[in-house]
2 protein chains.
Amino acid sequence: MSNCLSSQATVTAASPTIFVVDDDASFRTAIARLLHAGGYAVQTFASATDFLGSFRGDTPGCVLLDVHMPGLTGLDLQSALARGENPLPIVFITGQGDIPTSVQAMRAGAEDFLTKPLRKAVLFPAITRALARDAQERQQRARRRELRARFEALTPREREVLTHVLRGQLNKQIASDLAASERTIKAHRANLMAKLQVQSVAELGQLAHEAGFASQQ
Amino acid sequence: MSNCLSSQATVTAASPTIFVVDDDASFRTAIARLLHAGGYAVQTFASATDFLGSFRGDTPGCVLLDVHMPGLTGLDLQSALARGENPLPIVFITGQGDIPTSVQAMRAGAEDFLTKPLRKAVLFPAITRALARDAQERQQRARRRELRARFEALTPREREVLTHVLRGQLNKQIASDLAASERTIKAHRANLMAKLQVQSVAELGQLAHEAGFASQQ
DNA sequence: CTGCCTATTGTCCTTTGGTGCAGTACGGAG
DNA sequence: CTCCGTACTGCACCAAAGGACAATAGGCAG
């Protein structure tokens, strides 16, 4: 039986890391030095492929990403990262960027889009925002995962009953819909309430919303 | 008593209008001609102030907005419009725009940020997206307003009971919290369920979510 | 003053929901 | 084959919700 202790923060202490992805070696070392001086942990990568190859997704942080790179471009990395389950906020950096690219990047969820030469007064606030966003999204994802785990602990039949309960149907109605006795529905209902750790239909509805269960069904 | 017929589409037939705001008269006429040819209704304005002065908010459509204008800039208009209750999607147009401006505009919710010279193949898709977004948001707002109206029909006491019901509390508990008899709570509860036109706590929760009632309380 | 709304409470009765206890049936894992 | 989880069901009991009918009291508009 899954005796899941609720809301255990996933390794909270892991300090955020700035992932610098840029094909220009001198820029990488310069920015790494700058960020180190600012008190950040830094990892540098010469290409998007390198980054994707070694990134595990469990490290909080953000990405400082050059738009123009041989091979996978910054935008490519962005969409690849977005497809993953643990996307990091991205701060783009470009030497000769154009507006359409910046628009596309922002629309795809970039935290910022900065131009070289990079000034500390611009970079550091952007990083702060990106890290804050990452922390917030990470927390949301953790919560969501925890809830989804509860929903996955339900048996198919319980899930079925759940959808009817969420529609506000009476046990009697659910019973006739599912061609079962009212007693059976009560049993499933009690089980699912226990598994989802809620006491009332009101709580149940909230949980279903948070976990995105209502929308998917 | 408010015998509100639910979901009456607000003057659905009103065709969307493109509001062109640009200080360059020749550009205004050129773009107006282009849009007319595309089958759109167009209104032009020489300044952000002009637009804000005559815009009523009940017309669906979108704004084609120049960034650089004397007086209020495009970004100023954007934030003014966003503060209103019926914001229109904005497609920015700029002659000599810079990336920071485009980033700011996109972050503030602009639908797109285009550069002159304007190509039809770029402009028209942007307008289509903006109009689609407007239609969608307008529908959401209408639904939201309709629901909010229901909530405003509640008496203060009923609202108070509602918040407790949404927490999943029993009538008995609510009664003791509000220092009233259980019978009184039942009365308020029945009243508010009727006013909100819901049959079950499940529906009630959904409605409260949609109307943003749960979050504000 | 009168009528209407809001808030309050009561009693009585019915319908639902929730739970304890108990039992049947089926299919997969060991 | 046995154990276990899942699904299903019955009976009984109690708690909670909700409707019917009725009544008191204060505030406010006409």
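Treat the numbers as computed from the prediction; the structure is a model and nothing was measured. Order of the sequence lines fixes the chain letters, A, B, ..., with proteins taken first and strands second; residue numbering starts at 1 for each chain.
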*Which is true for A/Thr155 with a 4.0 Å heavy-atom rule: it touches a base, it touches only sugar-phosphate, or it touches nothing?*
sugar-phosphate

Numerically ordered, the residues 174-181 of chain A set in heavy-atom contact under 4.0 Å with DNA chain C is none

Acceptor/donor pairs from residues 42-49 of chain B side chains to any protein atom, 3.5 angstrom cut, sequence neighbours excluded:
unit_1  : atom_1 : unit_2  : atom_2 : d
B/Ser47 : OG     : B/Thr49 : N      : 3.4
B/Ser47 : OG     : B/Asp50 : N      : 3.0
B/Ser47 : OG     : B/Asp50 : OD1    : 3.4

Exercise. Given side chains that start at C-beta, do those of A/Phe151 and A/Leu162 come closer than 4.5 Å, heavy atoms only?
Worked result: yes

Respond yes when some side-chain nitrogen or oxygen of B/Thr184 is under 4.0 Å from OP1 or OP2 of C/dT9, and no when none is. yes

Could you go over nucleotides 24-30 of chain C and give all protein N or O partners under 3.5 Å, atom names and distances?
none

By salt bridge (charged side-chain N to carboxylate O under 4.0 Å, His left out), B/Arg107 pairs with (sequence neighbours left out) A/Asp112

Discussion item. Can you confirm whether the side chains of B/Thr17 and B/Thr59 place a donor and an acceptor under 3.5 Å from each other?
Written reply: no

Using atom types as modelled and distance alone, determine if a side-chain donor or acceptor of A/Asp66 lies under 3.5 Å from a backbone N or O of A/Asp22. no

* Asked: Does A/Gly61 offer a backbone N or O that forms a donor-acceptor pair with the side chain of A/Asp134 under 3.5 Å?
  -> yes

By salt bridge (charged side-chain N to carboxylate O under 4.0 Å, His left out), A/Glu203 pairs with (sequence neighbours left out) none

Using a cut-off of under 3.5 Å, enumerate the N/O to N/O pairs linking the protein to nucleotides 11-13 of chain D.
unit_1 : atom_1 : unit_2   : atom_2 : d
D/dC11 : N4     : A/Arg183 : NE     : 2.8

| So does A/Asn171 get a side-chain nitrogen or oxygen closer than 4.0 Å to the phosphate oxygens (OP1/OP2) of C/dG17? | yes

_Check this one for me: any side-chain N or O of A/Lys172 less than 4.0 Å away from OP1 or OP2 of C/dT16?_
yes

Item to check | Sub-4.5 Å side-chain heavy-atom contact between B/Arg138 and B/Leu88 | outcome: yes

By nearest-nucleotide position on DNA chain D, the 5'-leaning member of A/Lys195 and B/Val201 is A/Lys195

request  = Give a yes or no on whether the backbone of B/Ala153 and the side-chain of B/Lys195 come within a donor-acceptor separation of less than 3.5 Å.
outcome  = yes

Between CZ of A/Arg189 and P of C/dG20 the distance, given in whole Å, is 16 Å

* Consider only side-chain N and O atoms of A/His188 and A/Glu158, and report whether a donor and an acceptor are under 3.5 Å apart. => no

Assign each of B/Glu158 and B/Glu182 the nucleotide of DNA chain C bearing its closest heavy atom; nearer the 5' end lies the nucleotide of B/Glu158

Evaluate B/Glu210 against B/Arg144 for salt bridge (charged side-chain N to carboxylate O under 4.0 Å, His left out), listing each step before the verdict. CA-CA 7 Å; B/Glu210 275 192 77; B/Arg144 222 177 138 86; over 6 Å; no

